[in-house]
Amino acid sequence: METKNKHFNRYTVTSALPYANGPIHIGHLAGVYVPADIYVRYLRSNNKDVVFIGGSDEHGVPITIKARQQGISPQEVVDKYHAIIKDSFEKFGISFDVYSRTSDPIHHETASEFFKKLYDDGAFIEKTSQQYYDEEANHFLADRYITGTCPHCNNDRAYGDQCESCGTSLSPLDLINARSALSGNVPVLRDTKHWYLPLNDYEPWLREWILEGHKDDWKSNVYGQCKSWIDQGLQARAVTRDLEWGVKVPVDGADGKVLYVWFDAPIGYISATKEWSEKTGNDWKPYWKNEDSKLVHFIGKDNIVFHCIIFPAMLHAEGSYILPENVPANEFLNLESDKISTSRNWAVWLHEYLEEFPGKEDVLRYVLTANAPETKDNDFTWKDFQARNNNELLAVYGNFVNRTLVLTHKYFDGVVPALANLNENDIEALRLMDAFPAKIGESIELYRFREALSELMNLARLGNKYLTENEPWKVFKTDPERVKTVLAVSLQIVAKLTVLSEPFVPFSAAKLTQMIGLKKLNWIDAVATELLPAGSVIGTPELLFERIEDVDVEKQVQKLLDTKKANLEASEPVLKPQKETVSYEDFAKMDIRTGTIISAEIVPKTKKLLKLTIDTGIDTRTVVSGIAEHYAPEAITGQKVCMLVNLAPRELRGIVSNGMILMAENSEGKLCFVSPTEAFHNGCEVK
RNA sequence: UGCGGGGUGGAGCAGAGGUAGCUCGUUGGGCUCAUAACCCAAAGGUCAGAGGUUCGAAUCCUCUCCCCGCUACCA
């Protein structure tokens, strides 16, 4: 275990930079920010020197596309989302020491310097290749910005990376009559030089550092992914792009080139630390350069390769930086059994949650931690959200606190009794209680936040059990002195719970600290048995959590269903533009006939392919069709169809397909058959 | 298709060689300080399936099936 053999004097904790083309949703929170925040709050509570880094990732092609779609500048796009993201993190209590952004000058400077250092050291390979250039737009064209005629099927709307008509993957140079999608002009070929990081050179080093060095302390999903990448053989990766939006390549003759996003984004962690340093007067260097600093990256599983292989290789190549000690990547969170999707608006947005559930930040933090996708993808449902609030957070934690405080007020006017005259029960309860700081801390240090939270709840359960077994409400009638002891013990449990719950539910912990008049204590103090001094007075008990009713969650479910519906409706206007005019002769070449599916079966080992046997009237033939995700084979036997019968045969998965079934596709990608509305016989011409 | 992760009582998860454990839910009981909350007890599992290694396997090996991500494939 990393922490066992090595002592660290400071911690640098980063959380994946959210991409500034949309707001934050629960998937981001559960995967990255909530666990990172718990970890950091725990460290701070242990008086550790820690800097918690966050920021928006604001470069890259998708942002330029979004800007063009909306007719605004890329800067306007990122300004908008950066503001929303930053604000919602703050309100939600993600306790960044700095929340920066990659469009900030300090980042451009840092990333440039980083590149320059590697460049000067000869760490890059330079390669010149030919790429299409749009002379009117003054732009090199990314693959998908080039259209032309496919050399295989003559489809004249193929893209530079792929022909969507015949599926062949292409390179831009394969296209016949290539055109720029920006201007429609004929692009010219120009030489363009790019720099590559030869990852293959670092393979032996990576092998040793990860496969041997972190065999036991990295999560299995992270380790497995790295191993598979390394074993497959690493290749040089381009670190620059022909694009306007981004960090300019700081080398002569590199006009119109920027650092590729995955190169510049992780450097953003360093820039952000510098920004923090400028603001606070702390030196940033020890956090990134001293061997006694522990660097931890919190990320989602989609980012494993960048943070475990590429960024470390960059840091290693640069030479003066430390490497991540751990990269606790989480899996994904689904929402109501469906993949969370920004573009489909299938998400619970943080900024909306904060408005619709005011004062319930901790409820979401609790639910996302209790159900965190630590070892596999998990599902968030509103019903589960409600149940965890009502049956766990409120019933176990909130209720224990409340009954203890109410009893103290009822019998002793809120004065904390002395921890005296302990019997065996009391001693046992206190003994169990005192084991919690170490137990919970251990789980947190192993990045097992679900387990840590469950232990925290066990402390509240211990309290509930203790109260019930010692029934002060009964004993008071005969022995009020004994009740003093019972409540003294219970109050110490409340106090300990308050301190230990701070990383998980900081808002409630703060409220509770104030309510019971606890002085600001940290994790180390919490090891002591008596946290709340005898004789101090606790305030009037207020409820920490309230019940969430059926209507509240039904409203949210309805909102999601509405979203789904709205998506379907809204998607209609986004129709593809009409294609180029064709002559009747061209159309007449196509022989489209009515037919009937006689039988269908799934092509083994494929997801989408069905092997269909079709009666075309002319003959009976085999067609392979990519509709398996939409139709079960048994459901479509007997289905009337229209099909293109004179399409050139093609082999798919070893089966020759003779023709193509006509399907209509909506903007969600859903398919439906196009078939005669009356009982026409097979083989009728469609024209 | 390749690679990675995962499949454990109704739901959500833990366990990683010695005959399954936690939370929620369910049922019965107790309590009445507490937000119909709390406490006790019970029911509920051939640990995806089939082979194998072992005195012994949920745990190791082989094969198969299913889910997720990246990838391929939607004529």
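First the proteins, then the strands, lettered A, B, ... as listed; each starts at 1. Since this is a predicted model, take the numbers as computed values, not measurements.
Residues satisfying the side chain to side chain contact (heavy atoms under 4.5 Å, CB included) test with E554(A), not counting sequence neighbours, are D550(A), V551(A). In this structure E442(A) satisfies the salt bridge (Lys or Arg N to Asp or Glu O under 4.0 Å) test with no other residue, sequence neighbours excluded. With sequence neighbours excluded, no residue satisfies salt bridge (Lys or Arg N to Asp or Glu O under 4.0 Å) with E469(A). Looking at residues two or more places apart in sequence or on another chain, you find no salt bridge (Lys or Arg N to Asp or Glu O under 4.0 Å) involving R237(A).
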Counting primed atoms, P, OP1 and OP2 as sugar-phosphate and everything else as base, the B/S/- map of nucleotides 20-27 of chain B against protein heavy atoms under 4.0 Å is ---SSS--
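The phosphate of G6(B) (OP1 or OP2) has a side-chain N or O of S220(A) nearer than 4.0 angstrom. OP1 or OP2 of A14(B) sits under 4.0 Å from a side-chain N or O of T375(A). Distances shorter than 4.0 Å separate some side-chain N or O of K465(A) from OP1 or OP2 on C40(B).
Applying the side-chain hydrogen bond (donor to acceptor under 3.5 Å, both in side chains) test to residues at least two apart or on different chains, the pairs with a partner in residues 400-416 of chain A are R403(A)-N464(A). Within the structure, salt bridge (Lys or Arg N to Asp or Glu O under 4.0 Å) pairs that include any residue of residues 362-374 of chain A comprise D37(A)-R365(A) (at least two apart or interchain). Residue pairs that meet the side-chain hydrogen bond (donor to acceptor under 3.5 Å, both in side chains) test with at least one member in residues 484-494 of chain A, sequence neighbours left out, are E481(A)-K484(A). For residues 381-401 of chain A, the set of pairs meeting the salt bridge (Lys or Arg N to Asp or Glu O under 4.0 Å) definition, not counting sequence neighbours, comprises D384(A)-R388(A), R388(A)-E392(A).
F545(A) comes within 4.0 angstrom of a base, heavy atoms only.
Candidate nucleotides C39(B), U35(B), G15(B) were compared by shortest atom distance to the side chain of L543(A), and U35(B) ranks first. In the set C38(B), U35(B), A34(B), U35(B) carries the atom at the smallest distance from any side-chain atom of L394(A). Out of G15(B), G69(B), G5(B), the shortest distance to the side chain of F332(A) is found at G69(B).
Between A48(B) and C66(B), the distance separating the two P atoms is 16 Å to the nearest Å. Taking the P atoms as reference points, A14(B) lies 30 Å from G52(B), given to the whole Å. Rounded to a whole angstrom, the distance from the C1' atom of G51(B) to that of U27(B) is 41 Å.
Ring centroid separation for the pair F545(A) and Y397(A) comes in under the 6.0 Å cut-off.
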Identify the pairs formed between an N or O of the protein and an N or O of nucleotides 41-43 of chain B at a distance under 3.5 Å, and give each distance.
none

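Helical stems in RNA chain B, defined as runs of 3 or more consecutive Watson-Crick or G-U wobble pairs with donor-acceptor distances under 3.5 Å: B:2-7 with B:65-70, B:10-13 with B:21-24, B:26-30 with B:38-42, B:48-52 with B:60-64.
RNA chain B is contacted by K474(A) of residues 474-495 of chain A, taking any non-hydrogen atom closer than 4.0 Å.
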